[in-house]
Amino acid sequence: MKLNKGVVIFVLIIAMLGCKNTQVKNRSFDAKKLLKHSVLKVKEAADYLTATDSFPRHIPEGELKWECVGVRDWCSGFWPGVLWYAYEFSGDEEIKEQAQQFTAPLKEIAYTPALDHDIGFQMFPSYGNAYRLTGNDQYKEILLSAADTLATLYNPIVGSIHSWPMKPQYPHNTIIDNMMNLELLFWAAKNGGGKHLRDIAENHAEVTMKNIVRPDYSAYHLASFDDKTGAFIEGKAHQGYADNSMWARGQTWGIYGFAIAYRETGRKDFLETSMKMADKFIERLPEDGIPFWDFDDPAIPNTPKDASAAAVAACGMFELYELLNDQASKQKYYDEAVELLKRLSTDDYLSADANVAILEHSVGHMPKKWEIDVPIIYADYYYLEALLRLKKLQDKV
Ligand code: GLY
């Protein structure tokens with residue numbers, strides 16, 4: 001068929017305009033304004049948080065200030081990470097100083113035996129961002145050592161990292177959250193660590209995909225395996241409502257974690273898993289677009305929302321947007337990520353003057369009745385990350 005050159009150029013221009021227009025439509029959401037607001041909130045908290053060996057985790061109901069935890073808590077990396085993101089946006093040297101001070105104490109995690117899989121959560125938001133933003137080789141050395149420490153929890157018979165060694169009832173367990181610890185291993189393998197770190201991460205993602213992600217693309221929280229044979233034993237709930245329910249944050253660790261695993265390996269099955277988990281999440285969202293803490297809690301709608309899950313999902317969907325080539329899929333995840341951010345950025349979810357956090361309404365551990373409907377530091381961390389991702393995309397237009 002002979003194509004008319006003029007028609008081809010016309011079609012191309014229309015396609016380009018269409019693409020640009022969808023992003024322009026979303027420019028009506030001003031990521032920069034929200035980032036400015038968030039940095040002010042971060043500074044407000046940083047003014048009183050002077051003990052650099054104790055790290056914000058949540059704000060108890062009715063309180064103004066963060067309750068803090070020690071360096072070994074799984075959440076210790078998020079406050080330094082919040083400070084690094086606030087510095088990245090603002091260029092404020094005082095915030096950079098604070099970020100450095102709160103990052104430093106986590107060094108011990110890299111050089112002492114691994115207690116659990118959370119090393120990635122602790123070290124990548126803190127040291128990972130520190131190295132990305134400063135290029136300081138000392139940060140790199142510590143990250144490489146942290147990756148080696150995390151790798152000690154790998155069981156080659158199962159093909160996955162032992163997430164919670166402190167749970168002897170499950171001699172080898174792996175949880176969906178652990179997908180987020182793989183980025184440290186992938187990074188280390190590309191930055192002077194051994195290739196085996198990449199293999200561990202890839203095997204771990206595969207075992208998770210085959211055993212923790214269910215055929216309908218929801219996920220168990222925990223899978224237990226026979227540590228001697230590698231056989232899958234059972235899927236269990238831990239922070240979710242029931243073994244077969246869809247725990248909101250677990251779903252989002254999967255969306256984001258498998259998107260990263262695809263980015264680092266090019267494996268299409270990881271991409272498909274991330275997309276299908278995202279589709280499941282989107283399909284089941286309630287009317288206001290922010291998930292309840294578990295999609296299957298029979299008390300819905302009289303049960304709390306989880307803003308942290310929405311923030312993690314937004315990051316995962318921006319990651320998908322960056323990785324995909326197909327324009328329709330790209331646009332779907334971009335629009336949904338912006339939608340999540342828009343909804344989090346309303347009076348219903350922003351804390352305003354109620355306390356020093358950025359976001360209200362997250363749930364840590366409902367079955368334990370712990371951290372219910374309160375501000376939690378990782379919600380702020382992933383919200384800031386999603387805003388920064390969006391701002392960078394908007395700046396490109
Ligand atoms: N990693 C534990 C959680 O998501 O609450």
Side-chain angles (χ1 to χ4, degrees), residues 55-59 67 69-79 81-82 106 109 114-126 150 153 160-167 170 173-184 204-205 208 212-213 218-223 235-242 245-258 260 277 281 290-295 297 304-316 357 359 361-383 385-386:
F55 305 86
R57 177 158 169 158
H58 68 259
I59 301 184
E67 197 157 294
V69 289
V71 75
R72 288 289 173 168
D73 189 275
W74 83 273
C75 294
S76 61
F78 293 118
W79 175 244
V82 162
L106 276 76
I109 294 167
L115 300 179
D116 58 44
H117 72 122
D118 287 322
I119 293 168
F121 279 118
Q122 292 160 323
M123 300 301 280
F124 224 62
S126 56
L150 176 58
L153 295 175
S160 76
I161 293 163
H162 189 19
S163 296
W164 284 333
M166 72 297 240
K167 291 203 181 298
Y170 305 119
N173 62 73
T174 294
I175 66 171
I176 185 72
D177 324 28
N178 206 335
M179 284 302 299
M180 295 298 292
N181 292 310
L182 305 183
E183 192 170 16
L184 172 64
H204 180 101
T208 303
I212 297 188
V213 180
S218 63
Y220 295 117
H221 190 176
L222 176 149
K236 299 293 287 179
H238 180 71
Q239 278 151 271
Y241 173 74
S245 70
M246 190 167 128
W247 174 48
R249 197 165 51 257
Q251 190 74 12
T252 65
W253 294 139
I255 296 167
Y256 197 4
F258 280 106
I260 292 169
M277 290 186 84
F281 177 88
I290 301 297
F292 291 98
W293 71 280
D294 187 305
F295 285 83
D297 180 353
K305 295 293 182 79
D306 183 11
S308 76
V312 176
C315 293
L359 291 178
H361 306 310
S362 291
V363 173
H365 197 317
M366 183 66 115
K368 263 198 195 161
K369 302 192 185 344
W370 161 249
E371 296 181 321
I372 298 174
D373 199 10
V374 291
I376 304 184
I377 193 66
Y378 44 82
D380 284 10
Y381 175 80
Y382 289 104
Y383 176 71
E385 178 179 321

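We count ligands from 1, going down the list as the structure has it; atoms in each ligand are counted the same way. When reading the values below, keep in mind they use all heavy atoms of this one structure, side chains included, and skip hydrogens, waters and symmetry mates.
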*For atom 2 (C) of ligand 1, what's the nearest protein heavy atom and its distance?*
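So the nearest neighbour among protein heavy atoms is D177 OD2, 3.0 Å.
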*asked:* Polar contacts were defined as any N/O atom of the residue lying under 3.5 Å from an N/O atom of the ligand; does this apply to W253 and ligand 1?
replied: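 Yes, there is a polar N/O contact under 3.5 Å.
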*Close approach, W370 and ligand 1, non-hydrogen under 4.0 angstrom*: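 Judged by the 4.0 Å heavy-atom criterion, W370 does not count as contacting ligand 1.
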Strictly by modelled atom types, are [X] and [Y] linked by a side-chain donor-acceptor pair under 3.5 Å?
X	Y	value
H117	D177	no
H58	E371	yes
R57	Y378	no

*Which bit of H365 gets closer than 4.0 Å to ligand 1, counting heavy atoms only: side chain, backbone, both or neither?*
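No part of H365 is near ligand 1 at this cut-off.
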*If you measure from NE2 on H204 to CG on L153, what distance do you get to the nearest 0.5 Å?*
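It is 10.5 Å, given to the nearest 0.5 Å.
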*Nearest 0.5 Å, what's the CG-CD distance between D294 and Q251?*
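Here the interatomic distance stands at 10.0 Å.
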*Using a strict 4.0 Å cut-off to heavy atoms of R249, name the atoms of ligand 1 that fall inside it.*
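Ligand 1 atoms under the 4.0 Å threshold to R249: 3 (C), 4 (O), 5 (O).
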